[in-house]
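A quick write-up on the structure given underneath.
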Amino acid sequence: MRNKKDESFARKRRGNNRWIDGVIVLLFIILVGSVIWIGTNGWSMQKAVDTIRNEADPTADFAEIEKPSDSDSADTTERSEENTSSSDVSSEERLREVEKPLIEEEQEEEAVQEEKSQGKAVPPNSVKPSNPTSYIKGQKLPEEPKLVQGILLVNKQYPLPEDYAPGESEEAREAFNELAASAVTSGINLQAFSTYRSYDYQVTLYNRYVERDGQEAADRYSARPGYSEHQTGLAFDIGEVNHEKHWASNSFGDTEAAKWLAANAHQYGFILRYPEGKEDKTGYMHESWHYRYVGKDKAEHIFKQNITLEEYLGVR
Ligand SMILES: [Zn+2]
């Protein structure tokens, strides 16, 4: 009986020992496993923990990328944010940290490019580093128009006297008639739908635009009274007969007529006054329909050099 008891006790003890051995082995495996896991993650504890988190929720990163940014889906974004766990928040923060310096870098690059382009635009001995895209605050209209190398210059820096009223230039009209006659041979019927505009008419026009779009927007496409090139009688807004929908519209730029004009107008003394990408020189956004008469020789030169009137005259 006693022997039997001893035997079963000994068995029990052996069983207990086996159980303890098992726990020790298991702990050892966990320890070695952890060390190896951290080792494969570059010995970074944070990285190792993050890897486990991302493996537990493989959609976490995709959810960040796919998160809609447009206002239509704003409420779905809010809902998903409510369900976000703390680990998602930390990965979101990490993403923001990555994005932030990138944005800052882009802005810095833009600023540098702006400086460069400004540096190029201002000749080293220029005394007027003013910005042609904006009006000079409180500037009064002059007594005399600005003439540079015999060319009448009108832009946001150089207005005309209020009483300057020459009417439409006969020379420019004749040149336009020649141009239009040439266009007809290519199957294009051109019409000058707006040429000379008086000071008073520009007052009406400008006020209408400001009322409709606000002053800032109006200043980008319409001149203030006294600052319109149309008051010189040398500016011709050109469109196609029976295609009024494209008159004074960006859509004109895509028409065959606009392409023909851009390629040939200089032969008749006209230049595209506000070319694409030259807003910083001319002060106006691109207008595919607005041509300015400067005479054949000058128009030829300006066309071949691919420059604006301001650049040709060396003014800003
Ligand atoms: Zn015009």
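In the model, Tyr293 has no side-chain atom that pairs as donor or acceptor with a side-chain atom of Ser169 under 3.5 Å. Using a 3.5 Å distance cut-off with no hydrogens or angles, the side chains of Tyr221 and Asn250 do not pair a donor with an acceptor. Between Asn189 and Glu240, the side chains place no donor N or O within less than 3.5 Å of an acceptor N or O (distance only, hydrogens not considered). Using a 3.5 Å distance cut-off with no hydrogens or angles, the side chains of Thr308 and Glu311 do pair a donor with an acceptor.
Within the 4.5 Å cutoff, side-chain heavy atoms of Pro275 are placed close to those of Thr282. No side-chain heavy atom of Gln267 sits under 4.5 Å from any side-chain heavy atom of Ser182. Met285 has its side chain out of reach of Glu276: every pair of non-hydrogen atoms, C-beta onward, lies at least 4.5 Å apart. Put simply, the side chain of Tyr312 does not reach to within 4.5 Å of the side chain of Val294, judged on heavy atoms. Residues Asn177 and Tyr268 form no side-chain contact, since every pair of their non-hydrogen atoms from C-beta on lies 4.5 Å or further apart. Using a 4.5 Å heavy-atom threshold, the side chains of Ile136 and Lys156 count as separate. Arg224 is listed as a side-chain neighbour of Gln215, based on a closest heavy-atom distance under 4.5 Å. Put simply, the side chain of Ile238 does not reach to within 4.5 Å of the side chain of Gln191, judged on heavy atoms.
Here OG of Ser288 is found 10.0 Å from NE2 of His246. Values are rounded to the nearest 0.5 Å. We find the CG-CG distance between Leu160 and Leu152 to be 6.0 Å, quoted to the nearest 0.5 Å. With rounding to the nearest 0.5 Å, the separation of CG in Leu234 from CZ in Arg292 is 5.0 Å. The CG atom of Asp200 sits 12.5 Å away from atom CG of Leu205, with the distance rounded to the nearest 0.5 Å.
Salt bridge status for Glu287 with Arg273: absent, with no side-chain N to carboxylate O gap under 4.0 Å. In this structure, Glu300 pairs ionically with Lys304, as a charged nitrogen and a carboxylate oxygen lie closer than 4.0 Å. In this structure, Asp237 pairs ionically with Arg197, as a charged nitrogen and a carboxylate oxygen lie closer than 4.0 Å. Between Glu310 and Lys278 no salt bridge is recorded (no basic side-chain N to carboxylate O distance below 4.0 Å).
Residues Leu272 and Val154 are members of one and the same hydrophobic cluster, defined by side-chain heavy-atom contacts under 4.5 angstrom among Ile, Leu, Val, Met, Phe, Trp and Tyr. Tyr158 and Tyr164 fall into different hydrophobic clusters, where Ile, Leu, Val, Met, Phe, Trp and Tyr residues are linked whenever their side-chain heavy atoms come under 4.5 Å apart, directly or through other members. The hydrophobic cluster containing Leu313 also contains Ile271, counting ILVMFWY residues as joined when their side-chain heavy atoms lie under 4.5 angstrom apart, directly or transitively. Criterion: ILVMFWY side-chain heavy atoms under 4.5 Å apart, direct or through other members. Under it, Tyr206 and Tyr284 are not part of a common hydrophobic cluster.
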Which side-chain N or O atoms in residues 137-150 pair as donor and acceptor under 3.5 Å with protein atoms at least two apart or in another chain?
unit_1: Gln139; atom_1: OE1; unit_2: Tyr227; atom_2: OH; d: 2.8
unit_1: Gln139; atom_1: NE2; unit_2: Gln157; atom_2: O; d: 3.1

Report, one line per pair, each donor and acceptor closer than 3.5 Å where one atom sits in a side chain of residues 252-262; sequence neighbours left out.
unit_1: Thr255; atom_1: OG1; unit_2: Phe252; atom_2: O; d: 2.7
unit_1: Thr255; atom_1: OG1; unit_2: Ala258; atom_2: N; d: 3.2
unit_1: Trp260; atom_1: NE1; unit_2: Ser186; atom_2: OG; d: 3.3

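Residue pairs that meet the ring pair (Phe, Tyr, Trp, His ring centres under 6.0 Å) test with at least one member in residues 186-205, sequence neighbours left out, are Phe193-Trp247.
Taking Ile, Leu, Val, Met, Phe, Trp and Tyr as members and joining any whose side-chain heavy atoms lie under 4.5 Å apart, directly or through other members, Phe303 forms no hydrophobic cluster with any other residue.
Aromatic ring centres of Phe236 and Phe270 lie closer together than 6.0 Å.
Partners of His290 by ring pair (Phe, Tyr, Trp, His ring centres under 6.0 Å), not counting sequence neighbours, listed by chain and number: His230, Tyr274. In this structure, Tyr291 has no ring pair (Phe, Tyr, Trp, His ring centres under 6.0 Å) partners at least two apart in sequence or on a different chain.
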